[in-house]
Amino acid sequence: MTRAESTVFNRNGEQIQLISTKKGGKEGKICEIVGDKLQCAKIFHPNKRVNELHEKILAMINNPPTDPTWQSRRHRSITWPNDIIYQKKNQFIGYTMPYMDTETFKESHMCFGEDRIKEFGEDFSWRNMFSAAYNITSTVTYIHKKGHCIGDLRGKNILVSKDTLITLIDCDSFQIRDRTTGKIFYTEVGDSENQPPELINVDFEDKSYGRYYSDLFALGILIFKFLMIGTHPFAAKGPLVDDTGSIEAKIEKGYFPYRNIKGVEPPDHAPPYDIIPPNIKTLFYRCFVLGYKDPNQRPTANEWFAALGKEI
């Protein structure tokens with residue numbers, strides 16, 4: 001029998017025995033649960049165990065999104081908290097969540113580069129990437145239905161398997177709505193290459209921002225990258241963008257290069273835009289042209305889900 005390294009408790013006072021996996025980050029560490037192969041535990045570092053985080057995790061447990069692949073495939077597409085972990089009575093230290101096999105599931109950005117064949121196999125084609133994008137829109141739809149937002153929606157926080165199943169991770173960083181009180185727990189994270197123009201250069205730690213419309217912009221970017229083999233929708237070349245080195249600066253310029261604009265065009269590495277079905281092109285136009293200044297024009301996750309579903 002595996003020897004536990006520590007003993008903690010759930011909300012019912014039941015003992016949980018943990019073994020460190022030696023994995024983790026600046027927020028905390030990941031532990032195995034002795035006798036439970038379906039779950040693992042995230043234990044926060046002592047300086048992170050504040051009351052606000054405790055309340056947020058409780059709000060997540062009390063308002064979970066429907067997992068679209070659990071009933072049909074017995075797969076968890078969201079590593080949502082299942083239960084609170086206490087070190088002693090009422091001493092919050094972390095939570096339990098679904099276990100993810102990182103040998104099978106890889107960070108989604110690996111789909112785009114030289115590692116694709118090595119990580120996913122020679123049969124992982126453009127159609128597989130299309131299917132993975134479709135599965136992402138399904139999961140985001142259910143998260144938004146509960147009033148939650150992701151905030152830091154990017155390839156690093158999405159895992160993909162060879163059969164195109166996906167899983168969103170780092171869910172405790174999401175923007176969460178408490179269904180009982182209506183309180184919003186805002187997120188302080190966001191990757192600059194996936195933020196809409198209205199949130200570029202903002203300090204998320206200094207001020208709270210609702211992230212629904214930024215989710216829609218980031219979702220459009222993510223889908224574009226899946227369907228255009230890793231190309232960012234604002235990656236471009238030409239006189240109008242020659243003075244911009246970063247993707248963030250190109251987003252600020254606002255030139256979507258897949259329409260007729262003199263002085264800006266797609267980068268050399270981009271595949272032909274003709275591979276994109278017309279109805280999907282229409283949604284990209286709404287997201288990156290009409291929705292550039294008017295967030296209400298950006299397609300919802302459910303609209304993406306319906307449009308991609310028609311093409312599968």
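It should be emphasised that the depicted structure is a prediction, and the values quoted were computed from it without experimental measurement.
Around CG of Asp101, the count of heavy atoms belonging to other residues, nucleotides or ligands within 6.0 Å exceeds 12. Shown here is Asn296, whose CG atom has more than 12 heavy atoms of other residues, nucleotides or ligands within 6.0 Å.
No side-chain heavy atom of Lys207 sits less than 4.5 Å from a side-chain heavy atom of Val202. Considering only heavy atoms from C-beta on, Asn135 stays 4.5 Å or farther from Val160 through its side chain. Side chains of His232 and Ile251 form a contact here, defined as non-hydrogen atoms less than 4.5 Å apart. Looking only at side-chain heavy atoms (C-beta outward), Leu38 and Tyr99 stay at 4.5 Å or farther from each other. Within the 4.5 Å cutoff, the side chain of Leu227 has heavy atoms near those of the Phe130 side chain. Contact of the Phe105 side chain with the Ile166 side chain is not registered, since no non-hydrogen atoms from C-beta on lie closer than 4.5 Å. Between Trp70 and Arg76 there is a side-chain heavy-atom pair separated by less than 4.5 Å. Using a 4.5 Å heavy-atom threshold, the side chains of Val140 and Ile150 count as touching.
When the ring pair (Phe, Tyr, Trp, His ring centres under 6.0 Å) test is applied to Tyr86, the partners found at least two apart in sequence or on another chain are His54. With sequence neighbours excluded, the residues satisfying side chain to side chain contact (heavy atoms under 4.5 Å, CB included) with Asn12 are Asn10, Glu14. With sequence neighbours excluded, no residue satisfies side-chain hydrogen bond (donor to acceptor under 3.5 Å, both in side chains) with Thr66. Under the salt bridge (Lys or Arg N to Asp or Glu O under 4.0 Å) criterion, Lys106 pairs with Glu119, not counting sequence neighbours. Residues forming a side-chain hydrogen bond (donor to acceptor under 3.5 Å, both in side chains) with Gln87 (at least two apart in sequence, or on another chain): Gln91. For the ring pair (Phe, Tyr, Trp, His ring centres under 6.0 Å) test, residues two or more places apart in sequence or in another chain that qualify with Tyr134 are Phe305. Listed by chain and number, the residues in a salt bridge (Lys or Arg N to Asp or Glu O under 4.0 Å) with Lys293 amount to none (sequence neighbours excluded).
Remark: the backbone N or O of His75 is paired with a side-chain donor or acceptor of Thr69 at under 3.5 angstrom. Between the side chain of Glu5 and the backbone N or O of Ser20, at least one donor-acceptor pair lies under 3.5 Å. Side-chain N or O atoms of Lys56 include one that pairs as donor or acceptor with a backbone N or O of Asp172 at under 3.5 Å. In terms of modelled atom types and a separation under 3.5 Å, the side chain of Ser131 and the main chain of Arg127 share no donor-acceptor contact. Distance alone, capped at 3.5 Å, places no donor-acceptor pair between the Asp152 side chain and the Ser173 backbone. Between the side chain of Lys250 and the backbone N or O of Thr244 there is at least one donor-acceptor pair closer than 3.5 Å.
In plain terms, the two heavy atoms of Ala301 and Leu216 that are nearest each other are N-CD2, 4.0 Å. The minimum heavy-atom distance linking Thr231 with Pro267 is given by the pair CG2-CG, 4.1 Å. In terms of heavy atoms, Pro257 sits closest to Pro266 at O-CD, 3.4 Å. Nearest heavy atoms, Ile30 versus Thr21: O-OG1, 2.6 Å. Across all non-hydrogen atoms, the minimal contact from Phe256 to Ile261 is O-CD1, 3.7 Å. Heavy atoms only, all atoms of each residue included: Lys225 and Pro233 are closest at CG-CD, 4.5 Å.
Residues Ser125 and Asn128 bring a donor and an acceptor atom of their side chains to less than 3.5 Å of each other. For the residue pair Glu252 / Asn201, a side-chain donor-acceptor distance below 3.5 Å is found, with atom types taken as modelled.
Ion pairing between a basic and an acidic side chain is recognised when a charged N comes within 4.0 Å of a carboxylate O; Glu198 and Arg298 show such pairing. Under a 4.0 Å N-O distance rule, the pair Lys253/Asp243 qualifies as a salt bridge.
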Between Thr164 and Phe120, is the side-chain contact (heavy atoms from CB on, under 4.5 Å) condition met? List the steps.
CA-CA 10 Å; Thr164 73; Phe120 297 95; over 6 Å; no
Where do Ile84 and Ile61 land on the side-chain contact (heavy atoms from CB on, under 4.5 Å) test, with the steps shown first?
CA-CA 8 Å; Ile84 298 285; Ile61 292 170; 3.7 Å; yes
For a side-chain contact (heavy atoms from CB on, under 4.5 Å) check, start with the C-alpha distance between Met129 and Phe124, then their side-chain angles and the critical distance, and finish with the verdict.
CA-CA 8 Å; Met129 296 176 73; Phe124 196 85; 3.7 Å; yes
Which side-chain N or O atoms in residues 175-185 pair as donor and acceptor under 3.5 Å with protein atoms at least two apart or in another chain?
| unit_1 | atom_1 | unit_2 | atom_2 | d |
| --- | --- | --- | --- | --- |
| Gln175 | OE1 | Arg211 | N | 3.0 |
| Arg177 | NE | Lys146 | O | 3.3 |
| Arg177 | NH2 | Lys146 | O | 3.2 |
| Asp178 | OD1 | Thr180 | N | 2.8 |
| Asp178 | OD1 | Thr181 | N | 3.2 |
| Arg179 | NE | Asn62 | O | 2.7 |
| Arg179 | NH1 | Asn62 | O | 3.4 |
| Arg179 | NH2 | Asn62 | O | 3.1 |
| Thr181 | OG1 | Lys183 | N | 3.2 |
| Lys183 | NZ | Glu52 | OE1 | 3.2 |
| Lys183 | NZ | Glu55 | OE1 | 3.3 |

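Residue pairs meeting the ring pair (Phe, Tyr, Trp, His ring centres under 6.0 Å) criterion with at least one partner in residues 146-168, sequence neighbours excluded, are Trp80-His148. Contacts classified as salt bridge (Lys or Arg N to Asp or Glu O under 4.0 Å) and involving residues 302-312 (residues at least two apart or in different chains) are given here: Arg286-Glu303. For the salt bridge (Lys or Arg N to Asp or Glu O under 4.0 Å) condition, the pairs that include at least one residue of residues 58-74, sequence neighbours left out, are Arg73-Asp163. Listed by first then second residue, pairs satisfying salt bridge (Lys or Arg N to Asp or Glu O under 4.0 Å) with a partner in residues 258-269 read Lys237-Asp268, not counting sequence neighbours.
Shown are Ile169, Thr167, Ile143; of these, the side chain to side chain contact (heavy atoms under 4.5 Å, CB included) with Ile78 is made only by Ile143.
In terms of hydrophobic clustering, with Ile, Leu, Val, Met, Phe, Trp and Tyr side chains grouped at heavy-atom distances under 4.5 Å, Met97 and Ile19 are assigned to different clusters. One hydrophobic cluster, built from ILVMFWY side chains closer than 4.5 Å, cannot hold both Ile221 and Leu199; they sit in different ones. The hydrophobic clustering, which links ILVMFWY residues whose side-chain heavy atoms are closer than 4.5 Å, places Trp304 and Tyr213 apart. Tyr186 and Tyr212 fall into different hydrophobic clusters, defined by Ile, Leu, Val, Met, Phe, Trp and Tyr side-chain heavy atoms under 4.5 Å apart, directly or through other members.
Ring-plane geometry between Tyr258 and Tyr273 is classed as tilted, the angle between the planes lying from 30 to 60 degrees on a 0 to 90 degree scale. The aromatic rings of Phe288 and Phe224 lie perpendicular to each other, with more than 60° between the two planes, well past the 30° mark.
Here the CD-CD distance, from Glu205 to Glu188, works out to 5.0 Å after rounding to the nearest 0.5 Å. To the nearest 0.5 Å, atoms CG (Leu159) and OG1 (Thr79) are separated by 8.0 Å.
Note that Lys281 lies outside the cation-pi zone of Phe284, set by a 6.0 Å cut-off to the ring centre and a 45° limit from the axis.
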